[in-house]
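What follows is a short report on a single structure.
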Amino acid sequence: MTLFADIRALVIECLESLAARGRLPAGLDMGNVAVEPPRDPAHGDMATNAAMVLAKPAGMKPREIAAALAEALAEDARIDSAEVAGPGFLNLRLSEETWRGVIRSVLADGAGYGRSDLGQGQKVNVEYVSANPTGPLHVGHTRGAVFGDALAALLEYAGHDVTREYYINDGGAQVDVLARSVYLRYLEAHGQKVAFEDGTYPGDYLIAVGEALKDKVGDAYVGKPEALWLEPVRDFATEAMMALIREDLAALGVKMDHFYSEKSLYGTGRIEDAIEDLRAKGLIYKGVLEPPKGKQPEDWEPREQTLFKSTDYGDDVDRPIMKSDGAWTYFAPDIAYHYDKITRGYDQLIDVFGADHGGYVKRMKAAVSALSGGRVPLDIKLTQLVKLYKNGEPFKMSKRAGTFVTLRDVVEMVGPDVTRFVMLTRKNDAPLDFDFEKVREQSKDNPVFYVQYAHARICSVQRKAAEAGIAAEAGDLARIDHPAEFALVAKLAEWPRLVETAAAAHEPHRVAFYLYDLAGALHGLWNKGNAEPGLRFLQDDDPVATKAKLALIGAVQVVISNGLGILGVTPVEEMR
RNA sequence: GCACCCAUAGCUCAGCUGGAUAGAGCGCUGCCCUCCGAAGGCAGAGGUCAAAGGUUCGAAUCCUUUUGGGUGCGCCA
């Protein structure tokens, strides 16, 4: 059970009974009625805006409605008091027993506390990472990987049927470049001196691939024309890169449900099918685009291309899907891929891209909107850059200088848990500073530590209690009776609501910030025990109080654990 | 030139998709361990929410314009 939902239901119920008794007009739309935690604790435990929202449609004064509602609400056992305040807010104070019920709910539901049926089993496809299979994942991919993974988990937790998917760009020119680069390493493995010219990938990670190729085919391709080896080497190389990328993802704890190959779209009629669908809707035509203003490319000349009329769906210009030489542009397989997602029956699509792909948002949305007839929403989340620091000094990345930082480097240096949490301490569309030293620091300005510390502290208390032979149980909670304790419980009560709003907004970072707040509330209560011994969790010679307090912090532990679970971070029992 | 993202305390950032006196960390000032982990906590100082209009009971949040940053802009993915 979730307290905010319960109380909101109660408010609605009271409003309806007022309407039934003629004290309110019938048929009011209650959709905007909200029950929220007030910013100022002096305003009680919960506040509702019902009176202000309904004042206009009801043709009544806000405070008049609020007074009537207050009267009705006060009859419920859960409500201690309901006061009209300000322009028409109704501030509610809940009974202590109601708060104690939250502790019981949390402990009873355990890992399920906060789970929601908001998504109603809707099928959602979350596409993320989707890095070109030309090398290991780097820090930029890391953020997208963590964000996408946490978003997927959050949506699952909120009742969606989620598929995590990776689109492999193995159909374009860049995999030919990869093949040629591997071929050079292959010649090198045969003892030849080779030069890496512009347009090839000189990375060391291809040395092993070249050698593996040699082991597989011997000297079969040495001195042979490209036409003979390009295709098999390309397949070999992409497969090797994808194996590398899967390992990178595994190191970070990311598990995809599905890898989708761009190449599989070619020669199977699937691109043609998707384009045909658009053509049938009258959205494909041949035309010449205007040159972009202000940029003035030197080699511009008008060309007739096959275009998708994306301007019908809010794009700025129509987009080419076929080059003047008759080959597909990259956009065509992208369309086909999303067409495929739609035909697989997803109710909602989410793409996670790097911010440098911001220019493709409108055209992709246009395509999905056109292909699905507006049925399937596509949300595109852009992840901003990660700036690396070491002890406050910018950490410059350079492929040539060998200071190129890969995902694996980061994970090996700070571990997957820290990597994941820190990546979620900023909104996805805000740039993120990642300092290798600070994220490992054990102090309160490191949110990972701060949250983990709260969990570890609880475990520490539980160990002490176990030594004393006291078991936690949600039995008699009457000894939970202090405002500071109820404040902590109130924080726990917010969790289910937070899950829903974060999921609806597609913003997993809210979970990280919530956990930081919750940890703060626990640390605060802990330290109040310095001045007020009665607030300490372990009460000598008072097993009843101790058990109640153990139930309280056990509930905190459950919520921290549930939240970290969504972020893909393992809660620790001890700080080391 | 056009589009998208961003602008909140000295610094780094939240702000629950329109609510009451705008919050946290760092930094600064002063406090709190005979006590379950002080790796923490409490208190204080610090703001024309970039600017100006508009929408309404109510705006940091929504709309318009302006200023100032970032990203992108045909036959590359």
Side-chain angles (χ1 to χ4, degrees), chain A residues 32 34 36-40 42-43 47 49 52-53 55-56 61-62 85-89 91 132 169 171-175 262 288-297 299-303 305 307 315-320 322-325 327 329-331 333-334 354-362 382 384-385 425-427 429-431 433 441-447 449-450 453-454 456-458 460-465 468 494 497-498 500-502 504-505 507 509-510 513-514 516-517 520 523-531 533 536-540 546 549 553 574-575:
Chain A
N32 288 326
E36 326 183 281
R39 198 171 283 165
D40 185 344
H43 293 142
N49 62 355
M52 287 179 292
V53 173
K56 197 175 219 179
K61 288 178 185 168
F89 282 104
N91 293 333
N132 287 341
N169 286 105
Q174 77 281 355
V175 284
E262 176 193 355
V288 181
L289 287 176
E290 295 284 314
K293 300 220 160 91
K295 196 190 162 200
Q296 297 175 357
D299 58 345
W300 176 271
E301 46 185 290
R303 292 275 169 81
Q305 302 163 88
L307 301 168
D315 202 358
D316 308 309
V317 291
D318 292 337
R319 305 293 175 176
M322 194 181 270
K323 305 175 195 173
S324 46
D325 67 1
T329 65
Y330 69 89
F331 189 39
D334 277 354
D356 53 339
H357 286 62
Y360 308 106
V361 171
K362 281 190 179 180
L382 302 177
Q384 264 291 353
L385 295 178
T425 53
R426 286 289 107 93
K427 264 187 306 204
D429 56 2
D433 293 343
E441 206 171 279
Q442 304 210 333
S443 71
K444 84 171 292 194
D445 61 324
N446 180 0
F449 164 76
Y450 192 71
Y453 183 39
R457 268 184 151 176
I458 292 168
S460 169
V461 176
Q462 290 169 338
R463 281 193 297 270
K464 293 277 181 191
E494 283 178 36
R497 188 171 173 275
L498 182 114
E500 294 194 346
T501 51
E507 290 184 348
H509 75 274
R510 292 190 196 183
F513 281 93
Y514 168 81
Y516 186 80
D517 268 3
H523 292 311
L525 181 59
W526 182 297
N527 277 81
K528 276 202 172 66
N530 289 337
R536 295 179 193 168
F537 301 134
L538 299 179
Q539 297 288 319
D540 293 340
T546 301
K549 289 162 191 290
I553 62 171
E574 252 179 321
M575 304 309 294

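Each chain gets a letter, A, B and so on, in the order its sequence line appears, and its residues count up from 1. Side chains are part of it too, since the values below use all heavy atoms of this structure and drop only hydrogens, waters and symmetry mates.
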Practice prompt. Scan A:N49 against the nucleic acid and name what it touches under 4.0 Å (heavy atoms): base, sugar-phosphate only, or nothing.
Written response: base

Item to complete: Please state the P separation for the pair B:G15 and B:A9 - nearest whole angstrom.
Response: 15 Å

Response to the item:
Closest heavy-atom pair, A:T425 versus A:F513, reported as atoms and distance to 0.1 Å, is O-CZ, 3.2 Å

Practice prompt. For the side chain of A:S460, starting at C-beta, report the closest nucleotide among B:A20, B:C36, B:C13.
Written response: B:C36

Discussion item. Does A:F513 reach a base, just sugar-phosphate, or nothing at all? Heavy atoms under 4.0 Å.
Written reply: sugar-phosphate

Item to complete: Decide, applying a 5.5 Å centre-distance limit and a 30° plane-angle limit (both strict), whether A:F89 stacks on B:G19.
Response: no

Worksheet item: Nearest to the side chain of A:D429 - B:C75, B:C36, B:C6?
Response: B:C6

Practice prompt. Just say parallel, tilted or perpendicular for the rings of A:W526 and A:F537, cut-offs at 30° and 60°.
Written response: perpendicular

Practice prompt. Please work out if A:P320 contacts a base, only the sugar-phosphate, or nothing of the nucleic acid, heavy-atom cut-off 4.0 Å.
Written response: sugar-phosphate

Discussion item. What's A:P333 touching, base or sugar-phosphate or nothing? Going by heavy atoms closer than 4.0 Å.
Written reply: nothing

Worksheet, complete the sentence: Among the nucleotides B:A22, B:G40, B:A3, whichever has the atom closest to the side chain of A:K362 is B:A3

Worksheet item: Looking across every strand, which nucleic acid part, if any, lies under 4.0 Å from A:T501 by heavy atom: base, sugar-phosphate, or nothing?
Response: sugar-phosphate

Worksheet item: Within less than 4.0 Å of OP1 or OP2 of B:C57, is there a side-chain N or O belonging to A:K61?
Response: no

Worksheet item: If you look at every strand shown and take non-hydrogen atoms under 4.0 Å, does A:H357 touch a base, only sugar-phosphate, or nothing?
Response: base

Worksheet item: If the P atom of B:U61 is compared with that of B:U56, how far apart are they to the nearest Å?
Response: 16 Å

Item to complete: Consider the side chain of A:D445, meaning its heavy atoms from C-beta on, and name the nucleotide among B:A38, B:A14, B:C26 that approaches it most closely.
Response: B:C26

Worksheet item: Base, sugar-phosphate, or nothing for A:A430, non-hydrogen atoms under 4.0 angstrom?
Response: sugar-phosphate

Response to the item:
Winner on side-chain proximity to A:P87, out of B:C75, B:A14, B:C57, is B:C57

Worksheet item: Hey, does A:H43 reach any base, or is it just sugar-phosphate, or nothing, if we go heavy atoms under 4.0 Å?
Response: base

Fill in: Strand partner of B:C73, provided both Watson-Crick or wobble distances fall under 3.5 Å
B:G1

Worksheet item: The side chain of A:K323 lies closest to which of these nucleotides: B:A20, B:G40, B:A77?
Response: B:A77

Worksheet entry | A:Q305 backbone acceptor or donor facing A:S324 side chain under 3.5 Å | no

Fill in: Selected nucleotide, minimal atom distance to A:Y453 side chain, candidates B:G40, B:C16, B:C75
B:G40

